[in-house]
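Below is one structure, written out as structure tokens, with a few remarks after it.
Computed from a prediction, not measured in an experiment: that's the story for all the values here. Below, all heavy atoms of this structure are taken into account, side chains as well, without hydrogens, waters or symmetry copies.
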Amino acid sequence: MRDLDRVESALRGVPGCHALLIPRREDPPGQLLAQAHWLQATFGERAAVAAELLLYADDSLLVEHLDAVARRTGLPIVAAGDVLMHLRSRKPVQDTLTAVRLKKPLADCGYALARNAEQHLRSRLRLAQLYRPAWLQAGLHIARSCNFSLAELRYEYPAELVPEGLTPIEHLRALAALGAQERFRHLEHGMPATVQTQIDKEMV
């Protein structure tokens with residue numbers, strides 16, 4: 001409970017952020033409602049429920065559940081697309097990435113693959129045909145309050161986690177030496193000279 005309290009406290013400490021609940025279609029309505037209540041209690045007016053309509057057979061059931069949650073909590077529903085690609089023609093690439101992530105042949109990925117190619121950047125006209133105007137307006141409201149720019153993305157080299165007084169390469173050499181000793185401790189004469197030579201070569 002203390003950990004949860006700390007998480008909630010930290011989340012309340014980011015007042016400039018919005019929080020969207022993305023329902024899992026397989027979850028029962030009661031669980032979705034409980035999640036919505038938690039989000040509302042944690043984020044207040046910055047909370048909303050995302051509607052991802054992707055032309056699945058159960059889209060209408062999802063909308064029914066979202067409407068029920070909105071009535072019970074007062075949370076707005078926001079149009080969302082779960083976008084994974086810029087064009088629908090890129091679905092084979094997306095499927096391949098899924099297979100790589102799962103470390104499986106593509107033919108064995110089954111239901112882990114997207115059901116269709118709807119998770120692309122759809123036109124405003126297409127979105128207007130799928131989503132209620134209020135949901136689209138809610139999405140625009142959130143978008144207008146965000147000031148993120150791709151120009152802000154810059155590579156930041158991570159801080160080196162090394163003991164005080166050592167350089168990163170010195171620390172790496174020490175770890176390599178300890179690892180080598182552990183690896184070859186069962187040998188009568190310890191680490192083979194060829195291994196030490198290879199370590200010396202790589203730790204320059």
Side-chain angles (χ1 to χ4, degrees), residues 1-88 90 94 97-98 101 112 114-159:
M1 181 60 73
R2 292 178 181 176
D3 289 340
L4 181 58
D5 290 340
R6 282 196 291 269
V7 169
E8 291 179 348
S9 177
L11 292 175
R12 292 190 186 99
V14 286
C17 295
H18 295 274
L20 297 182
L21 171 60
I22 302 176
R24 296 195 313 172
R25 294 174 185 246
E26 64 269 25
D27 288 345
Q31 184 171 336
L32 173 59
L33 182 60
Q35 292 170 342
H37 279 306
W38 179 88
L39 196 77
Q40 185 178 44
T42 304
F43 288 91
E45 62 182 15
R46 295 177 287 128
V49 181
E52 297 177 340
L53 302 184
L54 302 170
L55 299 185
Y56 291 172
D58 58 349
D59 274 359
S60 60
L61 181 60
L62 175 65
V63 170
E64 182 181 323
H65 292 164
L66 296 182
D67 281 337
V69 167
R71 286 194 301 270
R72 298 279 297 273
T73 65
L75 290 176
I77 300 175
V78 178
D82 192 17
V83 174
L84 297 177
M85 50 201 162
H86 64 297
L87 297 171
R88 65 166 53 250
R90 303 297 283 179
Q94 176 59 38
L97 290 174
T98 299
R101 174 172 54 83
R115 304 184 205 180
N116 56 33
E118 285 298 303
Q119 289 170 274
H120 69 282
L121 294 171
R122 295 174 285 187
S123 69
R124 284 181 290 181
L125 175 60
R126 183 59 180 147
L127 294 175
Q129 293 170 338
L130 294 172
Y131 293 95
R132 298 173 189 172
W135 297 1
L136 293 170
Q137 281 299 124
L140 288 174
H141 171 73
I142 291 176
R144 291 189 182 111
S145 69
C146 299
N147 57 9
F148 170 76
S149 168
L150 288 176
E152 298 176 24
L153 294 179
R154 291 180 178 83
Y155 177 74
E156 294 185 13
Y157 189 78

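- Residues satisfying the side-chain hydrogen bond (donor to acceptor under 3.5 Å, both in side chains) test with D67, not counting sequence neighbours, are R132.
- Shortest non-hydrogen contact noted between R25 and L54 is NH2-N, 4.1 Å.
- With a 6.0 Å radius and a threshold of 12 heavy atoms from other residues, nucleotides or ligands, E45 has its CD atom at or below the threshold.
- Separating the CZ atom in R122 from the CG atom in L127 is a distance of 5.5 Å, to the nearest 0.5 Å.
- Using modelled atom types, one side-chain atom of Y131 and one backbone atom of A80 make a donor-acceptor pair closer than 3.5 Å.
- Other residues, nucleotides and ligands place no more than 12 heavy atoms under 6.0 Å from the CZ atom of R90.
- Taking CD of Q40 as the start and OG1 of T73 as the end, the distance is 5.0 Å to the nearest 0.5 Å.
- Summarising the geometry of R154 relative to A151, their closest heavy-atom pair is NH1-O, 3.4 Å, with the distance given to 0.1 Å.
- Of all heavy-atom pairs between L75 and A70, the closest is O-CB, 3.5 Å.
- Figure legend: cation-pi geometry between R115 and Y56, with NZ or CZ positioned under 6.0 Å from the six-membered ring centre and within 45° of its axis.
- Distance CG/L53 to CD/E118: 10.5 Å, rounded to 0.5 Å.
- Put simply, the side chain of D27 reaches to within 4.5 Å of the side chain of Q35, judged on heavy atoms.
- Looking at heavy atoms from C-beta onward, V69 lies out of side-chain contact with I77 at the 4.5 angstrom threshold.
- Closest approach of L66 to A50, counting heavy atoms only: CD1-O, 4.0 Å.
- In this structure, H120 has no side-chain hydrogen bond (donor to acceptor under 3.5 Å, both in side chains) partners at least two apart in sequence or on a different chain.
- The side-chain hydrogen bond (donor to acceptor under 3.5 Å, both in side chains) test applied to Q94 returns no partner, not counting sequence neighbours.
- In terms of heavy atoms, L55 sits closest to N116 at O-ND2, 3.7 Å.
- Nearest heavy atoms, R46 versus T42: NH2-O, 4.3 Å.
- Rounding to the nearest 0.5 Å gives a distance of 5.5 Å between NE2 of H18 and CD1 of I142.
- Considering only heavy atoms from C-beta on, H65 stays 4.5 Å or farther from P23 through its side chain.
- The backbone N or O of A114 sits nowhere less than 3.5 Å from a side-chain atom of Q119 that would complete a donor-acceptor pair.
- Atom CG of L20 sits about 10.0 Å away from atom CZ of F43, to the nearest 0.5 Å.
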